[in-house]
Amino acid sequence: MAESQHSASDSVPNSHCSSCGAPYGEGITGWPRTCQVCGAVAYRNPLPVAVALQPVYDTKGTALVVITRTIAPARGGISLPGGYIDDREDWRQAVIRELREETGIDAAGRDVRLADAMSSPDGHLLLFGLLPERPAEGLPPSTATDETAGWTLLRRPEELAFPLHTLAARAWFEGRYI
């Protein structure tokens with residue numbers, strides 16, 4: 001393309017989808033952004049991830065809340081509730097937002113404490129926020145969301161969809177996040 005044929009948006013950072021190259025279009029300024037052509041979701045800084053460790057108890061004992069994913073990556077896998085921290089969002093608020101979005105469970109940011117921080121081989125930083133244990137009977141019913149088939153309880157350590165989720169769940173069950 002000749003220099004004079006470049007549009008003004010060609011030189012604007014973050015104006016095009018990083019997956020397919022399509023322009024986001026006029027008025028698309030916030031984050032995250034969804035490409036209208038390929039559907040890819042872009043985040044301002046997709047490296048930090050907030051993950052919720054929500055312990056619950058009932059007559060069968062103590063467990064962690066987990067979700068079944070309906071989106072890539074790991075579609076169909078079991079994982080802890082979590083996702084990218086939004087642009088300028090506090091990590092504690094991201095933990096409770098992701099928990100609410102993926103399970104319907106409400107929590108308070110002041111109750112979240114850092115249980116662990118781990119880096120994945122692909123460069124993602126995962127911040128695991130531990131919430132206070134609560135009774136399972138007080139939780140909302142498990143229902144499907146935009147990203148999950150609903151929530152369930154993990155009663156013992158097992159292989160989860162993401163290796164670092166597996167490590168964090170195992171550490172919690174072993175009492176290392178007291």
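Only a predicted model underlies this, so the values are computations on that prediction, with no experimental measurement involved.
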Are [X] and [Y] side-chain neighbours, meaning at least one heavy-atom pair lies under 4.5 Å?
{"X": "Val56", "Y": "Thr62", "value": "no"}
{"X": "Cys17", "Y": "Val37", "value": "no"}
{"X": "Val49", "Y": "Phe162", "value": "no"}
{"X": "Ser15", "Y": "Tyr24", "value": "no"}
{"X": "Val41", "Y": "Tyr84", "value": "no"}
{"X": "Ile78", "Y": "Ile67", "value": "no"}
{"X": "Gln54", "Y": "Thr103", "value": "no"}
{"X": "Val65", "Y": "Leu153", "value": "yes"}

**Study point:** side-chain contact (heavy atoms from CB on, under 4.5 Å) partners for Glu174, two or more places apart
**Key:** Arg170, Arg176
Check your understanding: Quick one: side-chain contact (heavy atoms from CB on, under 4.5 Å) partners of Pro135, sequence neighbours excluded?
Key -> Tyr57, Glu137
Distance in Å, [X] [atom1] paired with [Y] [atom2], rounded so as to fall on 0.5 Å steps:
{"X": "Leu164", "Y": "Leu126", "atom1": "CG", "atom2": "CG", "answer": "5.5 Å"}
{"X": "Glu89", "Y": "Glu98", "atom1": "CD", "atom2": "CD", "answer": "7.5 Å"}
{"X": "Asp90", "Y": "Ile96", "atom1": "CG", "atom2": "CD1", "answer": "9.0 Å"}
{"X": "Leu154", "Y": "Trp151", "atom1": "CG", "atom2": "CH2", "answer": "12.5 Å"}
{"X": "Leu131", "Y": "Asp111", "atom1": "CG", "atom2": "CG", "answer": "7.0 Å"}

Practice item. Give a yes or no on whether a salt bridge exists between Arg97 and Asp106, defined as a side-chain N under 4.0 angstrom from a carboxylate O. Key: no
Exercise for review: Report yes or no: does Arg134 contribute a side-chain atom to a donor-acceptor pair with the main-chain N or O of Gly138 at less than 3.5 Å?
Suggested key: no
Review point. Is the side chain of Ser19 donor-acceptor paired with the backbone N or O of Ala40 at a distance under 3.5 Å, no angle test?
Key: no
What pairs of donor and acceptor atoms, side-chain ones from residues 112-120 against any protein atom, are under 3.5 angstrom apart with sequence neighbours left out?
unit_1, atom_1, unit_2, atom_2, d
Arg113, NH2, Tyr177, O, 2.7
Arg113, NH2, Ile178, O, 2.8
Asp116, OD2, Tyr177, OH, 2.6
Ser120, OG, Asp122, OD1, 2.2
Ser120, OG, His124, N, 3.1
Ser120, OG, His124, O, 3.4

Revision key, fill the gap. Nearest heavy-atom approach of Ala136 to Asp58 is CB-CB, 4.0 Å
Review point. Taking all atoms of both residues into account, what is the closest heavy-atom pair of Leu80 and Glu102, and its distance?
Key: O-OE1, 4.4 Å
**Study point:** Residues His165, Val51; criterion side-chain contact (heavy atoms from CB on, under 4.5 Å); working and verdict
**Key:** CA-CA 8 Å; His165 288 215; Val51 183; 3.9 Å; yes
